[in-house]
Amino acid sequence: MSEASSLVLTEEQQLIQETTRDFVADQCSVDSLRQLREKREDAGFDRALWKQLAELGWTGIIIPEEYGGAELGLAELGVVLEELGRKLAITPLISTLVAGAGCLVRAGSDEHKAAILPAVCEGDLLLALACQETARHDPYSVSTTARKDGDGFVIDGAKTLVLDGAAADRFIVVARTSGDSGERSGLSLFLVDANETGLSRKPTFLIDSRTCADLTLSGVRVDSGALIGALGAGADILDPVLDSVAASLSAEMLGGVLDTFERTVQFLKDREQFGVKIGSFQGLKHRAARWFCEVELSKSIVLKTLRALDSNDVQAPELSAACKARLSDTFRYSGEEGIQMHGGIGVTDEEDIGFYMKRARVSELLFGDASFHRDRFASLQSF
Amino acid sequence: MSEASSLVLTEEQQLIQETTRDFVADQCSVDSLRQLREKREDAGFDRALWKQLAELGWTGIIIPEEYGGAELGLAELGVVLEELGRKLAITPLISTLVAGAGCLVRAGSDEHKAAILPAVCEGDLLLALACQETARHDPYSVSTTARKDGDGFVIDGAKTLVLDGAAADRFIVVARTSGDSGERSGLSLFLVDANETGLSRKPTFLIDSRTCADLTLSGVRVDSGALIGALGAGADILDPVLDSVAASLSAEMLGGVLDTFERTVQFLKDREQFGVKIGSFQGLKHRAARWFCEVELSKSIVLKTLRALDSNDVQAPELSAACKARLSDTFRYSGEEGIQMHGGIGVTDEEDIGFYMKRARVSELLFGDASFHRDRFASLQSF
Amino acid sequence: MSALDTFRSETRSWLEENCPAAMRTPPEKTDTVWGGRRSTFPNEDAKIWLERCVEKGFTAPEWPTEYGGAGLSREEVRVLRSEMKALRCRPPIFNYGLLMLAPVLLEYGTDEQKAEHLPPIARGEIRWCQGYSEPGAGSDLAGLQCRAVRDGDEIVVNGQKIWTSDADVSDWIFCLVRTNTEVPKHDGISFLLFDMESKGVSVSPIPLISGASPFCQTFFDDVRVPARHLIGKENGGWTIAKRLLQHEREMLSESTAGARPTQKKTLVDVARESLEVPEGPLTDGVLRDELAQLYMDRLCYSATLERSRDQALAGIGPGPETSMFKLYLSELGQRNSDWRHRVVGARGLGWDGDGFDDEELQTTREWLYGKASTILGGTSEIQLNIIAKRVLGLPD
Amino acid sequence: MSALDTFRSETRSWLEENCPAAMRTPPEKTDTVWGGRRSTFPNEDAKIWLERCVEKGFTAPEWPTEYGGAGLSREEVRVLRSEMKALRCRPPIFNYGLLMLAPVLLEYGTDEQKAEHLPPIARGEIRWCQGYSEPGAGSDLAGLQCRAVRDGDEIVVNGQKIWTSDADVSDWIFCLVRTNTEVPKHDGISFLLFDMESKGVSVSPIPLISGASPFCQTFFDDVRVPARHLIGKENGGWTIAKRLLQHEREMLSESTAGARPTQKKTLVDVARESLEVPEGPLTDGVLRDELAQLYMDRLCYSATLERSRDQALAGIGPGPETSMFKLYLSELGQRNSDWRHRVVGARGLGWDGDGFDDEELQTTREWLYGKASTILGGTSEIQLNIIAKRVLGLPD
């Protein structure tokens with residue numbers, strides 16, 4: 001059994017963890033979310049922070065070396081995301097790197113890769129995946145159309161909940177070139193410049209102080225080179241990329257779970273009522289112990305899934321589904337238990353714990369909630 | 001607001017409760033289940049007990065006075081069933097009275113009523129409803145057919161889980177006279193003598209020491225007078241009768257819930273570990289308190305539903321569904337918590353608590369489990 | 001029975017004649033009439049309706065007429081309520097003075113205190129707030145530190161309260177204070193009333209996870225209170241405090257029984273929209289099952305409330321099982337708003353700004369605000385303790 | 001790495017040559033080889049397989065060769081396991097001596113004790129049972145009363161044990177006894193071994209809610225035990241007792257990890273049959289969702305077990321978090337068998353007799369028997385206490 005597939009961190013991963021942990025301790029805090037909320041900048045994140053991540057090499061961590069990246073795996077990126085997630089840092093790592101660059105690395109033309117990936121590694125270019133169209137994540141429910149027109153395509157439609165879409169320089173737009181909404185075949189992926197004529201975006205400010213965007217595409221004209229991969233076979237790219245996105249997002253959520261759990265256990269040890277520490281009440285003890293189990297299971301499935309994706313394990317899709325479902329449920333549960341155990345202070349804006357619950361809900365709904373992934377898991381297992 | 005619809009017991013109901021409670025204290029115990037289990041008699045219940053119930057007037061409690069009954073309501077019967085349910089007494093009250101006599105009172109011919117109801121009141125005749133055909137309760141899934149043949153009908157098919165079917169003198173057989181399995185229309189109800197040629201029954205011994213029967217009907221010939229109600233409109237009788245059955249069974253289950261809860265709370269007060277009563281542990285206290293809430297809600301919905309059925313409230317069908325779903329869940333939960341809180345002794349055959357859990361499972365699955373009734377509730381509410 | 005029937009028909013006629021049509025529509029949240037010195041009304045009809053009820057004693061129907069009530073019997077009050085419900089009459093007024101303070105004043109106040117405080121409450125002239133919790137005394141309410149020292153005919157209050165609902169718009173406060181620090185904590189607490197306009201009182205609202213909130217922090221700096229505003233005995237306030245909490249729990253369990261009318265779309269509506277299933281069975285079997293469970297639990301809860309009221313009529317008073325109502329309703333409410341919010345999906349992720357409509361934003365804020373319901377007014381854990389101890393008699 | 005690779009290929013060859021084909025099929029529950037004086041084998045191949053493993057030291061591969069082991073390193077043991085798994089070789093033997101007693105003998109036994117007891121365990125000659133719980137000492141194990149008094153070179157045991165698995169078919173018992181009644185309860189316990197054929201030992205099986213069971217009540221009436229069978233110090237047994245419990249929990253969490261092969265139909269099979277959906281998505285959306293959840297939780301559990309093993313290899317030993325495995329697996333197992341039983345519906349209501357096939361009756365009995373899993377071997381509540389205290393460090 002090779003070291004890489006063992007469910008403990010490699011030395012390199014430990015190093016990445018320590019570096020990121022130091023960085024997060026220095027640079028990230030829940031207070032910055034309060035500031036972002038007040039500022040209401042369209043970008044929805046701190047560009048200075050992003051440049052610093054680029055200097056650490058994290059913005060290209062999974063990009064091949066020939067394009068300036070570190071060519072490491074999702075397991076390594078997961079370590080970074082987990083640490084950032086602990087303090088709810090907002091970065092476009094998932095949108096730009098896992099979703100956007102993920103599509104290009106997997107199926108982009110050499111021109112695309114050469115034009116875009118080095119700039120992504122430098123932290124100079126942001127990507128976003130414009131996939132969702134309704135209130136519920138459902139990747140094949142695509143009504144946006146791309147119609148062949150001369151040498152290129154004309155795209156019409158609307159997208160919602162485009163993560164980091166307010167700041168993105170390029171979109172990867174999922175559009176239908178044949179078939180009906182709901183069908184797996186007939187989807188195609190297009191690289192579209194954010195400034196393209198006919199494309200307009202509106203930022204939406206979310207409860208966790210993050211920003212998404214709604215897109216309107218009205219007669220957006222792109223040339224044939226904008227197509228990523230084969231015409232009508234976009235789902236073959238989209239499926240594995242969405243698995244990677246689900247697992248990476250889960251790693252970020254794991255950070256939130258861990259911080260929520262640890263800060264609450266600490267609170268139980270510190271807070272006094274009735275002349276004793278409230279952590280001495282068996283009612284709370286048993287709940288904390290059950291919570292601990294859910295946290296441990298979450299850790300394991302994230303590690304296991306990221307490694308499976310990195311090694312192209314055939315089980316990777318169902319692991320990804322199990323992973324996102326589990327983290328969605330556990331993060332939600334962590335937010336709820338965290339607030340309830342904090343008592344009155346827990347529902348104030350002043351206390352950080354509420355931000356974790358808000359992030360939990362947003363992360364839960366991004367790229368498929370637990371129910372979506374249970375359905376997907378059942379389909380993958382043919383039942 | 002009339003006294004009868006108030007959710008407290010009337011004086012008459014209190015009297016019935018006290019009488020039954022005394023009777024149960026005298027005559028019923030979980031030990032008799034152990035005896036029934038060893039004896040393995042086909043009847044599956046104690047006929048002497050049934051005669052005593054007849055003497056109390058309970059076997060005719062909801063039958064009109066003109067046929068020798070007390071002409072009281074399900075609310076009164078519910079009080080009796082709850083008390084019997086406390087000690088898991090096995091009686092054919094639900095099969096004979098609510099299901100069997102229920103169909104006849106509602107839609108039987110004068111001849112049927114005159115021939116059968118007085119004998120039921122006397123405790124001399126037992127009825128059973130032969131409705132279910134597969135492992136899951138689904139009243140319209142009927143493949144048993146009744147074919148017109150001269151002046152009568154010929155019935156072919158098979159039935160399962162016929163409650164008290166091993167002892168019944170007459171069956172009310174649900175058969176299809178038109179349409180396909182699953183359709184509401186086309187069902188007809190027939191009164192069939194247990195000794196009719198072509199009808200055979202096999203007793204099945206259940207985990208709660210109760211007996212049901214599997215029936216085979218092979219060319220069973222009945223005359224046209226055997227039809228109950230209008231041809232093909234059997235569901236119009238069956239639906240309200242099954243509502244009454246669900247609610248009555250829920251009342252019996254409530255007795256089991258109450259006894260399980262009360263004996264476990266007593267156990268928490270008596271049992272010592274670590275030098276203190278285990279009921280002083282907050283982990284168990286909080287669970288007992290949550291359990292109390294579920295028990296209280298169960299009490300209320302049973303009272304409310306029985307009264308609604310007695311007054312032909314339009315809400316009665318959805319209340320019946322809510323009632324059976326709630327009691328199925330609460331009885332199960334009570335059995336599980338009861339056993340777990342009893343610890344090691346709880347899983348032994350010597351301790352009574354296990355019998356409550358077994359009864360809970362049987363009652364849960366009889367006449368539709370919680371999932372069935374949630375589905376029915378949703379349909380009734382058009383969503 | 002006949003007298004009650006007469007009362008019923010008279011009451012119905014009076015309501016039909018006197019309750020303005022606009023007051024017979026389901027109220028929005030903003031339609032609540034709170035009363036008080038700075039009272040505002042959503043419209044003229046609301047003002048008229050309150051005035052007519054005050055005149056008739058119907059804001060406090062069970063109180064003696066001398067204190068502004070109608071002097072009705074329990075049965076008559078029940079008839080009045082059922083008639084108001086039948087005609088969908090809105091409650092003329094809602095506030096904590098009426099529902100929480102007044103019952104304990106009636107039980108523990110002197111005749112002078114009743115005469116001074118009850119009539120203004122019945123008339124909706126004075127709005128009260130509740131000074132109970134402190135930053136260090138939440139679940140352990142009796143651990144409160146807010147100090148009150150007698151100085152001649154006055155009592156001087158110093159300290160801090162938290163979670164004081166509507167302190168910034170209330171006129172008076174009923175307040176738990178520590179009048180003895182030398183005895184076990186329950187034995188040194190007094191129940192004191194004072195005017196929020198007194199010198200030394202200051203108030204600061206608390207933003208919650210859902211944004212702005214009615215809750216405040218309240219600070220007392222040498223506030224001088226006439227000693228006659230002490231209810232019950234000095235150091236004997238804990239008994240009164242606990243009784244008031246029962247009334248509070250009762251209020252919390254009644255105020256939102258059944259569906260809250262604050263949102264226009266039912267849960268079914270929301271699900272139909274989100275799933276794009278305009279009619280027929282909801283296509284998501286799991287959501288459909290969950291929804292049935294929610295509605296059923298609501299039915300069971302309402303039936304339990306109804307049974308409790310019927311028991312009260314039959315002479316069995318509200319006991320510690322009010323903890324059950326507070327516990328269950330707050331959690332059921334959370335399940336409701338959590339379900340609604342989950343089903344709304346991406347449409348429920350907006351904090352503010354364009355891109356989300358009012359109902360969506362409200363769904364989100366209510367989901368967040370609902371997290372407080374299992375904490376404030378006594379946490380769920382405290383309710384479980386009370387049930388275990390006082391209802392089930394489990395040992396300490 | 002190269003040496004390990006060599007070991008891997010040699011081991012694989014040996015297994016391929018020596019493990020009979022019949023021992024490479026999934027075992028039924030009745031195929032377990034327990035060993036002992038009254039050892040029986042399901043078939044001749046099982047006997048041959050055990051003998052070959054004994055000879056090679058593979059029944060206890062990590063033990064020193066002098067005690068009948070193979071003296072393998074942790075890495076080699078892991079390789080052996082993974083190769084056995086790859087070839088689907090059945091474990092040659094399974095019993096409590098091997099998995100629970102032996103690890104503490106290796107840690108706490110004298111050389112003489114190891115030499116006396118370990119080789120017969122490795123050879124499958126002696127079957128052990130566990131004398132821990134007593135009727136009055138379940139969760140409060142340290143409250144045990146079974147009395148042991150020294151009398152010269154012997155120790156005289158009087159008392160009663162309960163839940164002694166397989167006491168009626170075991171040869172020896174490892175038993176907790178009270179050797180001092182004057183000190184705090186944890187300080188007067190000793191860890192004693194004795195032969196179940198000793199005079200004064202009697203055994204009576206306990207019927208459970210599921211029917212006959214492997215559990216027994218065991219009575220000791222002036223049983224005389226040579227003092228050399230005391231493990232560790234007199235009155236120092238509690239430390240050993242706790243360590244053994246960790247090994248027990250580890251065993252319980254491994255023995256049924258993933259799907260138990262005792263039932264032929266998978267949960268999907270059962271659902272397809274009950275719903276009459278031979279292929280395609282299960283038509284009951286709720287059951288489908290629940291099933292996905294069960295399978296996912298199983299995946300998460302297995303991943304956690306795998307991570308724990310990897311951590312052990314990396315030098316982080318099994319600590320109190322074994323309580324988590326015991327807790328989670330027993331509850332997951334209950335959820336599994338409860339779900340299966342619910343889905344089987346009416347077919348799962350049979351106690352015995354005609355009308356139900358073997359698999360249906362087994363489903364029912366396993367559902368019932370499973371209720372014991374969260375109680376025996378330390379209740380879930382005890383595991384929660386251990387996690388709260390030793391893992392999370394929450395105060396007493």
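Each chain gets a letter, A, B and so on, in the order its sequence line appears, and its residues count up from 1.
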Exercise for review: Please name all residues satisfying side chain to side chain donor-acceptor pair (under 3.5 Å) with Glu318(A), sequence neighbours left out, ordered by chain then number.
Suggested key: Gln381(A)
Exercise for review: Sort Phe215(C) into side chain, backbone, both or neither according to what part of it lies under 4.5 angstrom from a heavy atom of chain A.
Suggested key: neither
Check your understanding: Distance from Cys212(A) atom SG to Leu163(A) atom CG, nearest 0.5 Å?
Key -> 5.0 Å
Study note, to complete from the structure: With sequence neighbours left out, the residues meeting ring pair (Phe, Tyr, Trp, His ring centres under 6.0 Å) with Phe205(A) are none
Review point. Among all residues two or more places apart in sequence or in another chain, which pass the side chain to side chain contact (heavy atoms under 4.5 Å, CB included) test with Ala167(A)?
Key: Ala43(A), Phe45(A), Arg47(A), Leu126(A)
Exercise for review: Begin with the C-alpha distance, continue with both residues' side-chain angles, and end with the deciding distance and a verdict on side chain to side chain contact (heavy atoms under 4.5 Å, CB included) for Ile278(A) and Phe267(A).
Suggested key: CA-CA 9 Å; Ile278(A) 62 171; Phe267(A) 183 82; 4.0 Å; yes
Check your understanding: Are any of the side-chain heavy atoms of Leu208(C) and Leu368(C) separated by less than 4.5 Å?
Key -> no
Point to revise | Side chain, backbone, both or neither of Leu349(C) within contact of chain A (heavy atoms, under 4.5 Å) | key: both
Study note, to complete from the structure: When the 4.5 angstrom heavy-atom criterion is applied to Ile345(A) and chain C, the contacting part is backbone
Revision key, fill the gap. Whatever's closer than 4.5 Å to a heavy atom in chain C on Leu206(A) counts as both
Study note, to complete from the structure: chain A shares the most heavy-atom pairs under 4.5 Å, among Leu275(C), Leu141(C), Val286(C), with Leu275(C)
Review point. Do the side chains of Leu268(A) and Phe281(A) get nearer than 4.5 Å, heavy atoms only?
Key: no
Practice item. Heavy-atom distances under 4.5 Å only: say whether Ile382(C) touches chain A with side chain, backbone, both or neither. Key: side chain
Study note, to complete from the structure: Assert top hit (heavy-atom pairs under 4.5 Å, partner chain A, pool Ile206(C), Leu384(C), Val344(C), Ile209(C)) equals Ile209(C)
Review point. Hey, are the side chains of Leu238(A) and Leu129(A) touching, using non-hydrogen atoms and a 4.5 Å cut-off?
Key: yes
Study note, to complete from the structure: Applying a strict 4.5 Å limit to non-hydrogen atoms, the region of Ala137(C) in contact with chain A is backbone
Check your understanding: What distance do Phe355(A) atom CZ and Ser32(A) atom OG have between them, rounded to the nearest 0.5 Å?
Key -> 9.5 Å
I'd like a table of all donor-acceptor pairs linking chain A to chain C (distance under 3.5 Å, no angle check), giving the atom names and the distance to one decimal.
unit_1: Arg40(A); atom_1: NH2; unit_2: Asp352(C); atom_2: OD1; d: 2.6
unit_1: Ala135(A); atom_1: O; unit_2: Ala346(C); atom_2: N; d: 2.9
unit_1: Phe205(A); atom_1: O; unit_2: Trp351(C); atom_2: N; d: 2.9
unit_1: Ile207(A); atom_1: N; unit_2: Leu349(C); atom_2: O; d: 2.8
unit_1: Arg271(A); atom_1: NH1; unit_2: Pro135(C); atom_2: O; d: 3.2
unit_1: Arg271(A); atom_1: NH2; unit_2: Pro135(C); atom_2: O; d: 3.4
unit_1: Gln273(A); atom_1: OE1; unit_2: Gly138(C); atom_2: N; d: 3.1
unit_1: Gln273(A); atom_1: OE1; unit_2: Ser139(C); atom_2: N; d: 2.9
unit_1: Gln273(A); atom_1: OE1; unit_2: Asp140(C); atom_2: N; d: 2.8
unit_1: Gln273(A); atom_1: NE2; unit_2: Gly136(C); atom_2: O; d: 2.9
unit_1: Phe274(A); atom_1: N; unit_2: Asp140(C); atom_2: OD2; d: 2.7
unit_1: Arg287(A); atom_1: NH1; unit_2: Glu381(C); atom_2: OE2; d: 2.7
unit_1: Arg287(A); atom_1: NH2; unit_2: Glu381(C); atom_2: OE2; d: 3.3
unit_1: Arg332(A); atom_1: NH1; unit_2: Asp338(C); atom_2: OD2; d: 2.9
unit_1: Gln340(A); atom_1: OE1; unit_2: Thr374(C); atom_2: OG1; d: 2.6
unit_1: Gln340(A); atom_1: NE2; unit_2: Thr374(C); atom_2: O; d: 3.0
unit_1: Gln340(A); atom_1: NE2; unit_2: Glu381(C); atom_2: OE1; d: 3.1
unit_1: Val347(A); atom_1: O; unit_2: Ile209(C); atom_2: N; d: 2.8
unit_1: Asp349(A); atom_1: N; unit_2: Pro207(C); atom_2: O; d: 3.0
unit_1: Lys358(A); atom_1: NZ; unit_2: Ile209(C); atom_2: O; d: 2.7
unit_1: Arg361(A); atom_1: NH1; unit_2: His341(C); atom_2: ND1; d: 2.6
unit_1: Arg361(A); atom_1: NH2; unit_2: Asp338(C); atom_2: OD1; d: 2.7

Revision key, fill the gap. When rounded to the nearest 0.5 Å, the distance separating CD1 of Ile375(C) from CD1 of Ile339(A) is 7.0 Å
Revision key, fill the gap. If you tally heavy-atom pairs under 4.5 Å between each of Ala372(C), Gly211(C), Ala346(C) and chain A, the highest tally belongs to Ala346(C)
